[in-house]
Structures are given as C-alpha cells and as structure tokens.
Amino acid sequence: MIRDYLSKCVAEAIAKAQQAGELPDFPIPTITLEHPRQPEMGDYATSIAMQLARIAKMPPPKIAEIIAKRLREVSLVSLVSVVSDTTDTPDTSDTTDTIDTTPSAFTVEVVSGFINFRLTPAYLSRQVDVILEQGERWGNINLGKGRKAQVEHGSANPTGYATIGTGRNVVVGDTLANTLEAAGYQVHREWYINDAGSQVRVFGASVYARYAQALGMDEPLPERGYQGEDVQEVARIIAEREGDKYLHMPKDEAVRALGRLGIEEVMTNIKRTLARLNIRYDNFFSEKSLWTSGLGYEMIERLRAKGLVIEHDGALWFSEDGSPIRSGQGQRRTDEEYAADKDESGQALPVQAVLIRSPKVISDPEERPTYFASDIPYMWHKVMLRGFNPAIYVWGEDHQADVPRLYAAARAIGLPDGAIRILIYRFITLLRSGQEVRMGKRKGNALLIDDVVDEIGADAFRYIMLSRSVDTKFTFDLDVLKEQNEKNPVYYVQYGHARICSIERKAAEEGWDQGSGVGGQGSEAISSPLTPHPSTLTSVELALIRKLLQLPEVVELVATTLQPHHYTTYAREVTQAFSKFYEECRIKGSPPDVAHARMKLARATRLTLAKTLKLMGMNAPERM
RNA sequence: GCCCCUAUAGCUCAAUGGAUAGAGCGCCGGCCUCCGGAGCCGUAGAUCGCAGUUCGAAUCUGCGUAGGGGCACCA
C-alpha cells in the first residue's frame, strides 16, 4: 500500500535528518497518514511535525521542512522498488515548498506544519493497470501473513429457527471472516451449538409434547415450554419420519432423544437459512463435547491449582484473584440490593466470582456445569488446541457482562495476550406498522430471518445489517424497507456494477475499444498501456482512481477495527465517483486512445465494486 | 449502587486527535438528440450541556442530562 510506503519514507527521512544533526535524537513514533478532508491538501497528510514540536523543541513548520527535504533522498532511493519504471515528468508546481521526487509517485508540500503528499497523475494512471493485473486479488493485503484466525458467530441456542436477532450476528461475523481472508489470514468459521443446559432440556420436553400431539396424543406443552410454530414443525417432521417409537419408551429417554433430534432438525433449518444469505461454516462445535471429552474438568482443575476456584455451599466459583464470594452473590437482585452491596467503609463491592458448577443448576453429571464454565475449555480448545489467534467472538449485547469474565479467565488459564477478541454488537429494533416488534424465542413471536429475506431479499438484508457501526442500535423499519425497495442504497451500488457490465457488453458489440480486449478475457488489455498522457486525465477520472486505490486501506480498516460498516460507506463512494465519471467522461465517441483508457478505468471500477460486494457477501449482478 | 454502549442536519447514519464535520432519505431548484435516469448537478440544514487535557477535540478525561443493555444456581 502506498500509504504504508509513505509512512516508512517519513520515518526514514526523520532518521536521516537526525543523523545529519538537523533534528535532535528521539525515538521515532509511528507515522500515521490520513486522507485530508480538503482535496487541495493532497492525497495523504501527516501531522508528525506538530507531534514532534515539543520533543524536538522546534516549530512544526521548520520540522516539516527538514523532513520534506530529507524525504527527497529517501524516496529517490527506494521509490523504484515500489513504483514500476517510469519516465514521466513529475507534476511540479512553482511553490518553493514543493519538492520534486523524481521518479515521482507523489509530490510533497508543507502547509502550516502538515506534510502533504499528492499522488501524481502519472502514478495514478499506472495504478489502473495494477488493479487490472491483480484482478480478483485486488484489495487483498497481507496483514495476517498466513496465520490462523477464527470467527465464531451465530451460535444462537438451537431451540428454534434463526431469528432476526441472529441476523446481525451472522452477517457481521461472515463479513469479518471474508475480510480476514482478504487480509491474509487462514480463516475458520465456526458456530457454537449450546447443546447442553437447561434451555435444551426444556426444548426437548417441548419437542416431545409437540411430537406426541402430532401423533394424536393429548400431551400438554411443559411449563415455560417453547411455544413457537418452528418447534411444532420440527416435531411434525420427526413424527413423520420416525413414527411413534418414542412414545413406547420411558419418557425421560424419549425427551432426551427428541431433544437431540430436534436440535438436528433446527440446525438443518438454520443452515438452509444461512445458505440463502451466502453464509457457510467450517464447523459446528458442540458445547457438550467439551464435557464428554473431559477438557472442561481439566480446566477447572487447572484453575483450582492456581487457587482461583472457591467452593461455597457445594458450588464451585471462579474468582480471578481468589477472593471469596459474598453472601447473596449469584442470586438475582434488585437495584436496591445492588446499591446496598457495600463493605464496612461504605465502598461498593465489585462482583468478582462467577459460578462454574452447582448441584442446584445441574444434577446430571453428563451435562455441563454452567454456561460460563463451558467458555473456559472452549477458548482453550480454540487457542491452544487449534491454534487460532485471534479467535474472534461475535456476541450480542446481552453478553456484555461476560466479556470481562472471559478475559479474566483467559489470563488465568494462560492464553497469550490478545488471542481472544470479543466483538459486541447492539441489538436492532424492528418496526412494523410503526410498532416495535418485540421478540422472544421461547414465546415463539420472534421474526425469522427467512421471513425478512422473503420480503426484502438477501442482498438488501446483508446490506442493512452492515450499514451501521456495530455499536449503534438502529431501527429497521420493515414497511419503509419494502416501500422503498428500489431506493435502498444496496441497489445504487449494484446498479453501478451492472451499468459497467452493460458498457462493457456494448463496447464489445459495437467495437468502441479496438484492441483492448474488452468483452473478451482481455489479456491484451493488461499488457497495453493507458495510452493518453496522464496530463490528459480529467479531475473526475483522477478522483475515481484515487477512490479505487483506497480498497486495501478499507480492508485493513475493517480487519483491525472489526467494524464492517466501512464497506457500505466505501461502496457508495466508489459508485458515486463512478457516476460522476460516467456523466462527464464519454467513452463512446471519444478518440480511440481516450476511449481505451476510460474502458480500462471502468473495468477497474467494476473489479473494485465486485470485490467490495463480495467482501460484504453480496451479489454483483451483471444485469438488473 | 456499579459496569458497557449510544447522543451529530427534519429522519436514518458516517467521520484512524487534525485543516472548511460528510452521505442517504425528505424539502426546494436544475440536467437526457448521447455508453442503463435505480442516475447527475445545485440550495437549505447539525456535533446534548458544562468544565478540562492538547498546538489542535464530534473524537480523549471528569461531572451532568437523556435513551438502551447488563450486574441470574437463565442461556
């Protein structure tokens, strides 16, 4: 990336200036480059001179001048390795600040303490060919250097079909997985099946009741059972397939067996739903297996050996610093009771211990102790046994309280720092007819992903789920979305892609672009240079190229911040830049060399849009 | 009581501590003899409040205000 290259150049320039005694000795900080808001300030800028003013005891403009001067030597030496050969004359202006960095990829300018870099038209025009050469690899970076990363997402309780609540989880998780792949990681996608615990037992009993009902028996749904139609459907499917054999065995055994079968059926349905959203997994990990394999008990012993396990009333607790639990802890309390939770001096007591195992919550030794207890062997399994680093968790905000516990447990069992990374996303609010849709899986009134995808389509669904920062709780109005179907920004981007495809088809049919290979597989196009001299490129064309070149930066941004909404912003910006190009720069009817160059730019745009859409898990249609 | 998240234009949302805070929708006004008008151009319109840190704050800190979530022997 040119940005990283510039950053390195600045660091080298500072080092050289220090060697020459022009700047005092100090450790060189990380040089960050930004895109100035004002295009007249160039393509990249660094405020490093301002940051160094204090430590160097010099005024920022002076520091900037020194760096800029040394930058010339640095870039003269190493630009050749980054930029392919060129004989283009650099774009120089007459200001005394401007430094000619022949062979020039950029010019440097010092403005009130900022060091501004401007990519030259020559460099920009060459990049179109670079994009075309990279093809589908365009946008990929090597942040991961082949390391193994995991994204665990979805992971809803297998007690019903996939609801809209899970929708944001899977779309964000899948997009992050796509991103890490593009960023050079070996990515593993996993769904964690909570197939142990009391909800699963309730689910099994619910399936049993519905199964018996489907076979004409008068079996009531258990107290607090799952009332949804999905459970009825699952029970019906099982009854049709398996007959009534589960009515002829002890009920306990039947409930257990039907629970297992029910989970299988539910997961089959969920997988089908996810396939509609273009989401696949490498593995579905069973929570229960952590306990049947014995790993869970090993972990508890590991913690116990460190003195971090406390026994109290026959239950086991994890306490990060070994401090004892207090009376009342582990019970649901009111606001007032929390407020009253103070020590002798009136200081509020932190909640320190987390329940691992209790005879009250579980009587069956084959089942897992508590939800939190499973998390400990699970992260060990991810990081230490399977070597994922980072292991990323995509969790809804209802799990936020577990975040510090999980990190504490990770430290306690000795996972490397930063090996697990937890992303918390906010829940969305749904409106239908102006009313908030309240959702509960157990009550069966949850809106299913399938229903919404039926209404608005998979691409729009993914786009909406990705369009906001995961920290933002947003409102998803189904009626508006349906009404404004064609105004959804997703169609703007896809339309842009389809329009470029159309141009390419037409160009091939009508022969506007002789010899460029447009419409064919185009290997000649790659080898043929962008004929017009860079100075003939219009500002609109240059702006489009600049925007295209940001794709690797956006991939890096998403990979490091785990915030996939940046893609939607970027996709719109690229489309917008292309639309302006399309309005102002005619291809058909232009002189052959200009038409040729513009066709290449259009195709580079298509590659960029297609890649961005692919990263978002969306289709890039050739026709709409 | 404590913890986490949020507060930006009429609405929904952007903005790696930088220079003049951007889009979409909505409003108002323009643009096709021409490669796809699901488009383009233009007008109007905003950082919740008060302090602080910094050369520089929507962004960081503190105190408020408002909303959401959590602090279960539920998952």
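Note: hydrogens, waters and symmetry copies are ignored here, and every other heavy atom, side chains too, is used.
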Legend entry - Enclosure of A:Lys473 NZ (heavy-atom neighbours >12, cutoff 6.0 Å): yes
Inset, instruction - For the residue pair A:Asp459 and A:Gln494, confirm or rule out a side-chain donor-acceptor distance under 3.5 Å. - result: yes
Legend entry - Span that lies between the P atom of B:rU33 and that of B:rA23, in whole angstrom: 28 Å
Legend entry - Residues A:Tyr567, A:Thr179; criterion side chain to side chain donor-acceptor pair (under 3.5 Å); working and verdict: CA-CA 10 Å; A:Tyr567 287 134; A:Thr179 301; 2.8 Å; yes
Nucleotide nearest [X] (side chain, heavy atoms from C-beta), chosen from [options]:
{"X": "A:Arg37", "options": "B:rC55, B:rA19, B:rU20", "answer": "B:rA19"}
{"X": "A:Thr569", "options": "B:rU20, B:rC4, B:rA14", "answer": "B:rA14"}
{"X": "A:Ala401", "options": "B:rA21, B:rG70, B:rA23", "answer": "B:rG70"}
{"X": "A:Ser469", "options": "B:rG36, B:rA14, B:rC71", "answer": "B:rA14"}
{"X": "A:Tyr495", "options": "B:rA19, B:rA14, B:rA38", "answer": "B:rA38"}
{"X": "A:Asp471", "options": "B:rC5, B:rG36, B:rC40", "answer": "B:rC5"}
{"X": "A:Met50", "options": "B:rA38, B:rC34, B:rG18", "answer": "B:rG18"}
{"X": "A:Gln199", "options": "B:rA75, B:rG36, B:rG69", "answer": "B:rA75"}
{"X": "A:Val111", "options": "B:rG36, B:rA19, B:rG68", "answer": "B:rA19"}
{"X": "A:Ala45", "options": "B:rA19, B:rG39, B:rA38", "answer": "B:rA19"}

Inset, instruction - Could you tell me whether A:Glu556 and A:Arg3 have a side-chain N and a carboxylate O separated by less than 4.0 Å? - result: yes
Inset, instruction - Give me the ring orientation class for A:His312 and A:Trp317: parallel if the planes are under 30° apart, tilted from 30 to 60°, perpendicular past 60°. - result: perpendicular
Inset, instruction - Determine the interplanar angle of the A:Tyr192 and A:Tyr378 rings, folded into 0 to 90°, and report it as parallel if under 30°, tilted if 30 to 60°, perpendicular if over 60°. - result: parallel
Inset, instruction - Note every stem involving RNA chain B: at least three consecutive Watson-Crick or G-U wobble pairs, i with j then i+1 with j-1, with both distances under 3.5 Å. - result: B:1-7 with B:65-71, B:10-13 with B:22-25, B:28-31 with B:39-42, B:48-52 with B:60-64
Legend entry - Whichever of A:Val200 and A:Thr575 has its nearest RNA chain B nucleotide further upstream toward 5': A:Thr575
Inset, instruction - Check every strand shown and say whether A:Glu40 touches a base, only sugar-phosphate, or nothing at a heavy-atom separation below 4.0 Å. - result: base
Inset, instruction - For residues A:Ile424 and A:Val403, determine if any side-chain heavy atom of one lies less than 4.5 Å from a side-chain heavy atom of the other. - result: yes
Legend entry - Donor-acceptor pair present, A:Gln400 side chain and B:rG69 base, under 3.5 Å: yes
